[in-house]
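As C-alpha cells, the structure follows; a few thoughts come after it.
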Amino acid sequence: MRRFSFLLISLLATYSVKAQDQFVPEANDTVKKLAPVIIIPKQQSPERMPETKDNVLFSGKKNEVLKLSNINGNLTNNNAREIFARIPGVTVWENDGSGIQINVGVRGLSPNRSWELNTRQNGYDISSDVFGYPEAYYNPPLEAVETISLVRGGASLQFGPQFGGTLNYILKRENNKKFSFETQNTVGSYGLMSSYNALGGKYKKFSYYVYNHSRSGDGWKENSEYTVRNTHAFAEYRFTEDTKLSAEYTNMDYKMQQAGGLTDEQFNNDPRQSLRERNWFGTPWNLFSIHLETKISDRLTSDTKLFGLIGERNSVGFTAAPNVEDAINPATNDYANRRVDRDYYQNFGLENRNVFKYKLGKIDNNLAFGVRLYKANTERKQEGRGTTGSDFDLSIDGEFARDLDFTTENVALFAENQFKVTEKFSVTPGVRYEYIKSEAEGRFGISSGNDVALPNKTISRNQPLFGLGLEYKFRTTNVYANITQAYRPVLFSDLTPPAVTDVIDSNLKDAKGFNADLGFRGTYKNYLNFDFSLFYLSYNNRIGGVRQFVNNDPTQGTYIYRTNLGETVNKGIESFFNLNITRLLEVEKPYGDLDLFASVSFIDSRYTDFKVYTATGSAPNVTITESNLSGNRVENAPRYIHNFGLSWGNNNISATLQYRMSGKIFTDANNTEAASANGLTGLLEDYQVFDFSAEYKFLKNYNLRAGINNLLDEDYATRRAGGYPGPGILAGEGRTFYISVGAKL
C-alpha cells in the first residue's frame, strides 16, 4: 500500500539521519556536506489545488480534490453518498441505485442532475446546455476517474456563472508504460454485473488510453432494471516538452426502467414496490474534445479546447394517474397509451485559457485570462402518443403535440489577477463579461386540431461579474476569503409554460446573486488535514407563478403568470478534518494507518421574499389572496449534512466504515409538513446510513474489493417527484452488496 511504503521510506530516512548524527569523524576524515533530503508526507484526501494549475487560478477559492485511488467506496455503481462524503455540504439525490446519473448539490441548492453546478469532464462541458438546460444526464463511470475537483462559487469568474461552482471529473491516463492493461469485474445484489477494461500506454511522443465500462442490474426496487455502456478513447502527441495536442471521444448509451414514486403509505408498507412497469428512460450521449497545450515563453502558457456534445434525452411512460396501477381500458383490453418525450442536443464550444507570470518588485504575480465561445441547440419534442406496450418503445402515433426549438449563443471574456502583496499574502480581483442570447420558437401544443404557436422569444443580455479573493499563507495552512457574483440565465423550462393558458413575463430576468466564503484550511505535521469555513449565498429573482384574472375580469377565470418572484439566502458552516490517529500516536509502523474523518455542515436556507397568490371560489365569485413566504425554508435544503468515517490500512489491506446523517427537508416552498394523498408534497424525515467497503491487494498487481451499502438496511428517501418518472416519494436503496476482482498489468 502506498501509505505504508511512504512510512517505511520515512522511517529509513529518519534512521539514516540519526546514524549520521552519532558518527563523529576523525581529524583526517573528509567530510562531505550533502543537500538535505526532504520527504513530504502524502496529503490526505481531499487535497487542495495549488495557486495555478492547467492555466486556472485557484488562489483564494474554496476547493477540494478527491483522489479516488485513496478512497474506499462503491465506484462500480457511482455511489455519490460515499465518494463525496469528504466534501462538506454536498446534498445527494438518490433516484435509483444504478449510478447512471450523479445528482449532487451544495449549500442547500437543488441536486437535480447537478444543474446548479458547472459539470465538466477533463475541463470541458458535459451538460445538455450550460445556460438553457444545464442538467447533466451523463457522468463518467467512477472506475475510470482519477480525481474529482469541486470549486465553490468563486469558480464563476473562470468557468461560468453557476451558483454552485464547478465540478470536474478528471479521467485516468497512462503516462509511464509503453503498454498497460486494467480490468475490474464486479457482481453484486439484485443482478449487478459490471466490467471495466482499459488499455493505455506511451511510446516516444505518442500516448493513448481507451476504456469500456459495461454494467447491468435488476435494481433493488421493482421495475428498475438497467443497462449502461460507456466507451472512451484518448490520444495525445507531444511535439516538444512544451507543446502537446490531444483528442478524445466519449460515447455512452443506456436504458433504464423507472420505478416511479409512491404515496407515503405505500412507502411505509413496502419501499421496494413499484406500481409502474412501463416507464423507461435513455440518453445516448457523445462528447468530443481537441486540446492544445503550449508554453509560449517562460512566463506565458496557453490552453485551448475545442469541444462538442451530441446527445438525446428519451423517455416513454405513463404518469397521468398518480400512484395507482396502470388502468386497463375495458373497451380495448389494453393499457392506456404512454407519453413519449424526446430532446436532441447539439453543442459546440471553444475555450482558451492563459496564465501570464510577471514580477512586481521581486515577487512573482499571476494573471489568468481567456475567452469562451459557445453555441447550443435543443430540439424538444414532447407529448407524443406512445404505444400501449411495456417495453422501451419510442414510436408514436401521429406527431408530437409540442415541437420546440431552443438556441443559446454565448461569448465570455474573463480575467483574474493574483497580486502578491508579500510571499504570504495575495489579493486576487477578477472580472467576467458574459454575452448570452437565448431564442425559443415552435409549436407549444395542439388545440382542437390547430397548432398553438409559442411566440418567438429572444432574450439578449450583457452581464458583467466581479469577484475578489484573499489568501494568507502560514507554513502549512492558510486563511482564505472570497466573494464572487453569480447568476443563472432564464432556462428553457421558464420560457415554456406548463399549460397553454399560462403566460410568460416578457421581461423575465435572470437570477442574480453572489457567493461569499471565509475559511481556514491546511495540514498539521503529517496527521491532520482540515478545512473550516463559513459561507453566505444570495440567490435573487427566483422564478415562479402568479395567479391573475383574465383581462382583469373575475368572471373570465384565472391564469398563471410566470415572472420573477423570490429571493433566498443560504448561509452556514462547512467543516472537514481527517486525523491519522496512528501517526499522531507514532504507532503506524506496527498498526498501520487509522484515519478518522468528519465532514460537518449546517445550512440555513430560507426565502427572504417570495410572493404567492391563491385563488378561492369559482367564477364569477373568485377571490385572489396574496401572501409572502418570507422566512420559509427552501425546498430540498437539509438543515445539516454530516459524514463520519473510520479508515484503516496496513500493508495491502484497507477498509472504511462511513456514517451519513442528513436532516429533514421540505419538498415545496409552502413548507407543507403533512404528506399529500398523492405523495407530491410533504416533509421528508432525516435519515442515517452506514456504508462499509474494503480492498485487498495481492501479487502486486491484483485486487479484491467488496462492500455493503446501507449496512443496517435503513428505509429512507431523499426526494419526491412531481411528474416523470411517476409522481410521489422516491425511496433510497436498502441493503446491497458487491464484490469485485481487478488487475492492473
Side-chain angles (χ1 to χ4, degrees), residues 80-81 84 87-96 101-117 119 134-136 152-153 162-165 167 261-262 264 267 488 491 493-494 511 513 515 535 537-540 542-545 565-572 574 601-608 610 612 629 631-643 660-676 678-689 716-732:
R81 181 179 69 233
F84 288 92
I87 300 181
V90 176
T91 310
V92 179
W93 266 4
E94 300 178 34
N95 299 341
D96 55 73
Q101 296 173 5
I102 291 180
N103 297 272
V104 292
V106 297
R107 298 179 173 176
L109 298 174
S110 172
N112 180 41
R113 296 194 181 95
S114 308
W115 70 343
E116 292 284 7
L117 293 161
T119 52
E135 300 193 15
R152 304 299 173 98
Q162 279 81 356
F163 278 85
L167 179 66
L262 301 171
D264 287 58
F267 170 78
R488 182 182 180 88
L491 304 182
S493 57
D494 299 323
N515 273 276
F535 71 86
L537 190 161
S538 174
Y539 201 136
N540 302 324
R542 282 182 176 267
I543 295 173
L565 292 178
E567 298 178 1
T568 63
V569 168
N570 300 7
K571 54 188 176 182
E574 296 170 335
S601 60
F602 296 93
I603 305 168
D604 184 31
S605 182
R606 296 179 184 268
Y607 286 98
T608 59
F610 200 154
V612 293
L629 300 183
N632 279 20
R633 296 190 179 274
V634 177
E635 58 270 30
N636 301 310
R639 303 182 190 185
Y640 62 84
I641 305 170
H642 304 329
N643 294 281
R660 179 179 179 87
M661 305 169 59
S662 187
K664 63 182 67 174
I665 61 172
F666 292 105
T667 55
D668 66 337
N670 289 314
N671 287 186
T672 305
E673 293 198 25
S676 60
N678 56 14
L680 293 178
T681 60
L683 187 72
L684 285 182
E685 295 293 341
D686 56 337
Y687 66 91
Q688 302 83 38
V689 180
Y716 69 101
T718 61
R719 66 167 294 195
R720 297 178 186 269
Y724 198 86
I729 190 170
L730 300 181

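Put simply, the side chain of Val92 does not reach to within 4.5 Å of the side chain of Thr718, judged on heavy atoms. Residues Phe535 and Val106 fail the side-chain proximity criterion, which asks for heavy atoms closer than 4.5 Å. Side-chain contact between Asn670 and Glu635 is absent, with no heavy-atom pair separated by less than 4.5 Å. Ser662 has its side chain out of reach of Thr91: every pair of non-hydrogen atoms, C-beta onward, lies at least 4.5 Å apart. Using a 4.5 Å heavy-atom cutoff, the side chains of Thr667 and Asn636 are in contact. With a 4.5 Å cut-off on side-chain heavy atoms, Met661 and Asp686 do not count as touching. In this structure, the side chains of Ile729 and Arg720 come closer than 4.5 Å at one or more pairs of heavy atoms.
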request  = List the steps and the verdict of side chain to side chain donor-acceptor pair (under 3.5 Å) for Asn515 and Arg107.
outcome  = CA-CA 10 Å; Asn515 273 276; Arg107 298 179 173 176; 3.3 Å; yes
ask   = Can you check side chain to side chain donor-acceptor pair (under 3.5 Å) on Asn678 and Ser676, steps first, answer last?
value = CA-CA 5 Å; Asn678 56 14; Ser676 60; 2.7 Å; yes
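Shown here for Ala717 and Leu684, the closest heavy-atom pair between the two residues is O-CD1, 4.0 Å.
Asn95 and Arg719 share a side-chain donor-acceptor pair at under 3.5 Å.
Taken to the nearest 0.5 Å, the CD1 atom of Ile603 stands 11.0 Å off from the CD1 atom of Ile665. The CG atom of Leu629 lies 7.5 Å from the CG atom of Asn671; values are rounded to the nearest 0.5 Å. Atoms CG and OG1, on Asn632 and Thr672 in that order, are 9.0 Å from each other to the nearest 0.5 Å. Between the CD atom in Gln162 and the OG atom in Ser114 there is a gap of 11.5 Å [rounded to 0.5 Å].
Every residue two or more places apart in sequence or in another chain was checked for a side-chain hydrogen bond (donor to acceptor under 3.5 Å, both in side chains) with Ser601, and none qualifies.
Relative ring orientation between Tyr539 and Phe163 is described as parallel, the plane-to-plane angle staying below 30° on a 0-90° scale split at 30° and 60°.
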